[in-house]
Amino acid sequence: CNLYRVDVQQGNVIQQQQVEQLKPGMDRGQVQELLGTPLVTDPFHPERWDYVYSFKPSYGKREQRRITVIFDASGKLLRVEGDVKPAAAPR
Amino acid sequence: FEPFTVSDIQIRGLEQTDPGTVYNYLPIKTGTLLTEEGARAAIKALYDTGFFEDVQLGREGDRLVVTVRERPTIAEISLNGVKAFPQDKLKESLKDIGLVERRVFDPATLDQIVTELERQYYGMGYYAAKIKVEVERLERNRVRIRIDVDEGQPAKIQQVNVVGNRAFPRQTLIGLFSLGKTGAFSTFTKNDQYSRQKLLGDLEKLRSYYMDRGYLDFDIESTQVTVTPDRRHVFITVNVKEGARYRVKSVSLSGQTDVPATELRKLITVQPGALFSRREVTESANAIADRLGDVGYAFANVNPVPAVDKDKHEVSFDFQVSQGRRVYVRRINVSGNNRTRDYVIRREFRQMEGAWYDASKIRRSKERVNRLGYFDEVNLETPAVPDASDQVDINVNVTERSTGQFMLGVGYSNAQGVLFNGSVTQRNFMGKGQILSASVDVSDLVKSFNLSFTEPYFTPDGISLGGDIYRTDTNTQRLIIAQYRQVTSGAAVRVGLPITEHVNDIVRLGYENTSLSLVEESPQRYKDFVATFGDNVSSVKASNTLVYDSRDSIIYPTKGWNNRLITEGTLPGGDLRYYRVELQGQYYRPITRSLTGFINAEYGFVNGYSGKGVPFFQNFYLGGPNSVRGYRTFSLGPLDPVDNVSLGGTRKVQLNTELLFPVPGMADSKSFRGSIFFDAGWVYDDKYLPSFSELRKSTGIGFHWISPLGPLRFSLAYPIGVKPGDRKEPFQFTIGTNF
Amino acid sequence: CGMFSGGPAKLAKPTPVTAADQRVKLSTAWQARLYGGWRVDPYQATQVAVAGDRIVVGDSRGNVIALNGAGRELWRRQLDGRISAGGTIAGDRVYVGNDAGFVTALSLSQGQVLWRSALSSEVITRVVPAGDRLLAQTNDGKLWSLSAKDGAQQWSYSATIPSLSLRGAATPLADQDTVYAAFSSGELAALDARDGHLLWQVPVATPRGRTELERLVDADATPVLMGDSIIAGTYQGKLGAFNRSSGAESWSRDMSVFNPLLLANDRLYLTDAQDVLYAIDPRTGATLWRNDQIQGRGVTGPALVQGTLLVGDRAGYLFAFDPESGRRIGQARIAATGLQSAPVAFGDGALALSREGSLYRLRVARR
Amino acid sequence: CAAGSKNKAADSATPVERLYAEAEKPYKSGNYQQAIEKFEELESRYPYGRYAEQAQLNVAYSYYKMGESAAAVAAADRFIKLHPTHSSVDYAYYLRGIAYYQAIEGAVWDPQPARNAYDSLNTVVTRFPDSRYAADARLRMAKALEILGNYELNVAKYYFTRGAFVAAAERSKTVITDYQLTPAREEALALLARSYAAMGLSDLARDTAKILAYNYPNSRFLKELKGIPLS
């Protein structure tokens with residue numbers, strides 16, 4: 001029997017229709033309102049926000065999705081990168 | 001008053017305060033224009049410091065003259081006649097209001113105190129309380145304050161009456177109340193002393209009682225509290241209007257949620273057609289909110305909207321769910337731990353940082369930190385994170401308790417006579433959460449040495465590793481067991497494997513050597529044993545203990561199970577051949593906020609295998625403070641026909657039922673517990689369970705104190721169904737031995 | 001400072017009456033044991049109802065008991081709920097209110113229950129017959145008017161009362177088409193008997209002091225009508241006379257009283273909260289005489305029997321006073337425990353109900 | 001059971017100087033408990049003036065020397081409220097700071113005392129830059145920061161071992177942004193890089209590793225980042 005291990009969930013859950021509502025030119029406030037506060041913000045790359053979602057069940061492969069939002073110098077939304085596919089409903 | 005530019009400022013009337021302080025708080029500077037409005041602000045500023053009784057501004061040419069009269073400081077406060085409140089708590093609240101020695105005396109605080117004291121007394125039913133305050137002026141502008149209180153007798157409740165009840169008899173309804181006439185336990189429960197909070201609580205219980213049985217329109221129209229002119233008797237009248245009994249017509253669920261609606265729908269226990277029950281509706285709503293709370297929706301809101309049909313007396317509920325934003329945990333801040341290391345607490349947490357908020361994981365985490373047994377209190381708060389509406393922090397504040405027991409001393413226990421022992425047990429060694437204990441016991445019966453160490457988190461996931469080394473030299477002349485001397489020594493390694501959140505499996509492998517020396521009086525059976533096995537036997541023992549432990553705390557459990565299945569045996573190749581199986585079930589259940597019910601049931605049997613018998617020192621022995629109270633230790637079970645000495649048995653059955661209650665006066669401390677118990681047990685050899693009459697039973701009261709010296713247990717038991725030859729021992733106590 | 005303070009302090013024996021003053025002999029003709037006693041001091045104030053040779057009394061277990069003049073029980077009816085203020089007899093009917101909130105009508109002859117009507121709270125005053133209607137007050141500060149025929153509720157008036165008040169209430173009064181009622185808010189009200197429409201309402205006294213207890217001003221003393229004024233008194237407050245039609249105050253003086261007032265041969269008699277017996281001129285409020293020899297004995301209100309003022313106390317003593325001079329002219333211990341309420345004139349003496357649930361028929365002989 | 005009231009020594013008006021001297025003896029000889037009682041008695045009889053003010057400071061210092069940091073902080077706070085512009089108010093803030101500092105256990109325990117110590121000592125340094133306590137205050141502030149930096153790093157490492165890489169990244173970021181001057185920053189940069197790598201954010205991992213290499217050319221943590229291409 002495998003031993004009891006806690007599953008480890010990390011990062012923001014982003015749904016597909018939230019990503020679809022993103023429009024270039026949005027300011028940081030609007031993006032935060034739509035996608036929520038990013039849990040990963042790199043100190044040396046203030047121009048990008050990373051929405052990383054991962055779920056490691058106690059036994060099994062770690063599932064991960066990532067969306068990166070890039071802002072231009074004036075803080076307007078430039079583009080969105082990352083594996084943009086609908087997030088499966090959580091467990 | 002016309003404005004003028006201030007050329008100079010002079011302060012008069014100062015006896016004590018140094019002028020520098022006044023200048024600092026005075027918002028006027030020399031050379032500035034002083035307007036009327038500025039003057040008024042200055043006076044207010046000086047008053048606000050609280051140092052002055054009176055402030056006057058005057059003018060001599062261009063010089064501003066500030067005349068002040070300082071408030072006296074308090075030299076001494078005496079508080080007499082207060083019995084209903086703990087004195088230090090009162091001194092504390094005086095301090096908060098600013099009435100403290102060496103502080104400036106403000107008469108307004110005095111009235112505040114008297115009003116507050118009176119309000120407190122009347123809130124507790126001390127209607128005849130009289131409070132007298134004296135302020136005595138001393139030299140050098142100081143005062144002595146005397147507060148004399150004559151509490152008088154608290155008014156006792158003479159009658160609680162409910163009017164307008166049809167569906168339920170008055171006695172049942174009054175039975176719900178915590179307030180009531182003076183009864184047997186009133187000196188402890190103080191149920192006959194009127195208090196507003198208790199009445200409000202009782203009214204809520206009455207409302208729930210009706211609302212949980214279909215009475216949707218139930219209403220408490222009015223309540224009256226009347227008192228007799230001599231203020232000694234209180235009557236409480238509650239006028240109710242029951243209204244009709246409602247049935248549930250239909251139940252629906254609306255609102256967009258992440259968790260599939262079908263799953264949430266199953267959480268609703270309200271059945272169409274059944275009687276309306278507010279508790280069921282609330283519990284269903286909470287179940288949905290909790291389920292959403294487990295996937296990050298900490299602020300989910302579930303609102304059961306009723307649609308009432310007054311004529312058909314039917315109600316339908318639409319559970320409207322608004323799950324709100326998914327919330328994440330940013331940081332978990334641990335504080336108050338100045339001995340336990342941060343990771344020892346953090347590793348008990350099921351909730352991670354940077355993860356969505358999971359309500360049951362957080363609840364479970366608090367429980368696990370509590371179960372460490374290192375803290376008196378574990379407080380959890382989840383404050384929102386500023387300018388991030390979807391993030392919260394978790395602040396864990398712990399109050400540490402001493403987990404070390406260094407004990408050198410003389411103990412006495414009925415079984416072992418005078419006990420000299422020294423032990424060092426530290427359940428939080430170096431704050432690393434490791435358990436280390438070394439103990440030496442010397443007494444007439446036993447000379448033992450024991451060293452054990454456990455690292456609960458040998459792996460990050462909580463696989464524990466531990467070891468024991470022990471040597472026990474038992475010499476039983478003083479006891480009534482058959483006379484023999486036994487020296488057992490051994491060492492073992494333990495591995496603890498977490499199976500589920502509450503189930504743990506401990507595998508133990510050890511080597512044990514026992515040497516026996518018998519005397520003339522030793523019973524024949526012992527001599528036969530030595531004849532067949534020899535007087536020095538050693539074996540490798542393997543044991544597996546499956547533990548299901550869901551108690552809310554180890555030191556002061558109030559709810560949960562603690563079940564064990566122990567299977568142990570010697571491996572072939574050693575001298576001994578036996579295996580033992582023991583089943584233990586413990587169940588704690590809160591009865592009221594302070595009363596806890598406790599049941600402990602044990603059954604065990606030990607058999608030899610491949611033709612070898614059970615070594616007699618591996619028999620079960622029952623009786624004594626830790627098993628069936630009221631009987632001498634190890635005195636239960638079959639007796640040697642020759643010298644009437646207890647031989648123990650290969651089968652054991654034991655049952656303890658207890659009612660645990662906090663000791664009056666020390667209700668909030670977690671180290672004292674009183675109990676009323678009923679014990680029963682017997683050891684025997686044949687296959688069938690003993691009949692009820694055969695079981696030795698007792699009942700009595702006990703007292704358990706986790707003292708700095710270690711757990712102390714006292715019990716006064718009255719044996720029932722005593723058979724000839726039983727050895728009774730009503731008063732028993734043990735010091736320092738763990739239960 | 002003992003942990004357990006005992007019950008009410010034991011009362012010492014009262015000082016004996018001097019031979020010169022001894023002018024009334026009090027003795028017990030017969031005594032009837034009821035079914036259950038009251039454990040509380042006489043504030044329960046259950047009264048005895050008398051009509052001709054019939055006596056009706058309620059005990060603390062909810063029994064309505066009718067006896068004849070010789071103390072023999074005629075019938076007994078058990079009602080659910082304890083009777084607080086006792087029954088009243090009107091024609092061949094008995095009306096009783098109890099603490100389950102019911103007003104019950106029984107026939108005087110056999111005691112069958114004719115009807116019962118559920119009110120909003122404990123019925124704490126006696127049921128007062130007024131023509132073809134009945135008046136009663138409930139513990140939640142409501143005055144009720146019921147039809148005497150079938151108990152139908154005609155109207156009710158509710159006064160706003162404080163959350164903490166004194167146990168008991170003043171019995172409502174009726175005179176032609178006006179009803180007078182006094183409430184635990186310290187107010188006296190006059191209402192039109194036909195529809196309960198408020199004529200006037202005045203505070204007999206206003207709450208004073210800081211705590212709920214200091215602010216108790218219950219107008220529990222049953223008022224009396226005299227000429228064109230009505231006199232009412234409150235606890236920790238005032239005794240005052242008010243014009244019956246306008247409510248205007250004619251006089252008012254400081255007084256703390258909760259026992260019923262007694263108007264007899266043009267004098268107002270009362271026992272105040274400190275157990276002082278007063279005789280007061282009803283026109284001016286001036287004190288004619290006062291007697292404080294029974295202070296602290298937890299006394300009942302006064303009763304006029306055979307030209308003598310009778311007052312009972314908490315230890316079961318009965319005292320006789322000369323209504324003219326106020327001197328104590330007789331006393332006797334008639335019961336082991338306190339008297340429930342003021343004695344009621346009956347035949348050549350009086351009836352008194354004791355706390356442990358016995359009814360005494362007393363003889364009052366003036367020399 | 002009437003509670004007896006404390007009987008005070010007779011209120012004879014001993015001059016305040018003699019009382020102060022009486023209190024100074026135990027204070028100087030290190031018997032701080034007795035010194036506190038004497039000074040507090042002086043303050044209750046002569047609540048104002050130079051001696052009372054000095055007595056309040058000595059009480060705070062005595063509690064500090066007895067290791068009772070909470071009481072020392074409270075005593076210092078009282079002095080500050082009563083005499084906000086007193087000439088030795090900087091000493092009071094300093095006393096407050098070292099009392100909190102005394103309660104610091106280390107980087108694996110409750111970080112709050114270190115934060116409180118830093119804030120109080122910061123008041124000394126900013127409002128009284130040329131006070132004679134400023135130098136020692138700066139030293140202790142640096143040490144407090146170092147402990148706080150190590151604390152954050154320890155937590156970051158814990159979450160990394162549990163596979164909670166977002167948590168590990170955030171905690172390391174806190175060390176890098178809030179505690180740049182502490183030695184913990186070096187290892188925090190390495191841990192941040194490894195967390196990004198574990199999350200598959202290879203560009204951020206590469207950039208962070210480059211910053212580590214740039215700031216700490218021969219850092220011993222570089223070898224842990226072998227897996228991250230530095231090109």
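In what follows, every heavy atom counts, from backbone to side chain, and hydrogens, waters and symmetry copies are set aside. Within every chain, numbering begins at 1; the chains are lettered A, B, ... in the order of the sequence lines, protein sequences first and strands thereafter.
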**OP:** Mind running side chain to side chain donor-acceptor pair (under 3.5 Å) on D:Tyr196 and A:Asp50 for me, showing each step along the way?
**Re:** CA-CA 11 Å; D:Tyr196 282 146; A:Asp50 289 275; over 6 Å; no

Original post:
Crowded around D:Arg50 CZ? As in, over 12 foreign heavy atoms under 6.0 Å?
Top reply: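 Open: at most 12 neighbouring heavy atoms sit under 6.0 Å from CZ of D:Arg50.
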
Original post:
Crowded around D:Tyr214 OH? As in, over 12 foreign heavy atoms under 6.0 Å?
Top reply: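 Open.
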
Once rounded to the nearest 0.5 Å, what's the spacing between atom [atom1] of [X] and atom [atom2] of [Y]?
X: D:Glu170; Y: A:Gln10; atom1: CD; atom2: CD; answer: 10.5 Å
X: A:Asp42; Y: D:Asp203; atom1: CG; atom2: CG; answer: 9.0 Å
X: D:Leu204; Y: A:Phe44; atom1: CG; atom2: CZ; answer: 11.0 Å

**OP:** Please name the pair of heavy atoms, one in D:Thr177 and one in A:Pro43, separated by the smallest distance, quoted to 0.1 Å.
**Re:** CG2-CB, 3.9 Å

Subject >> Closest non-hydrogen atom pair between D:Met199 and A:Arg62, with its separation >> reply: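 For D:Met199 versus A:Arg62, the nearest heavy atoms are CA-NH2, 4.1 Å.
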
**OP:** Tell me, for D:Ala169 versus chain A, whether the close heavy atoms (under 4.5 Å) come from the side chain, the backbone, both or neither.
**Re:**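 No part of D:Ala169 comes within 4.5 Å of chain A.
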
Original post:
So what's closer than 4.5 Å to chain A heavy atoms on D:Ser195: side chain, backbone, both or neither?
Top reply: neither

Original post:
Should A:Val8 and D:Arg162 count as side-chain neighbours, where that means a heavy-atom distance under 4.5 Å?
Top reply: no

Original post:
With a 4.5 angstrom heavy-atom cut-off, which part of A:Val40 approaches chain D: side chain, backbone, both or neither?
Top reply: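 Looking at A:Val40, backbone and side chain both touch chain D.
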
**OP:** Please lay out, stage by stage, how A:Arg48 and D:Leu201 fare under the test side-chain contact (heavy atoms from CB on, under 4.5 Å).
**Re:** CA-CA 12 Å; A:Arg48 69 182 268 176; D:Leu201 298 169; 4.3 Å; yes

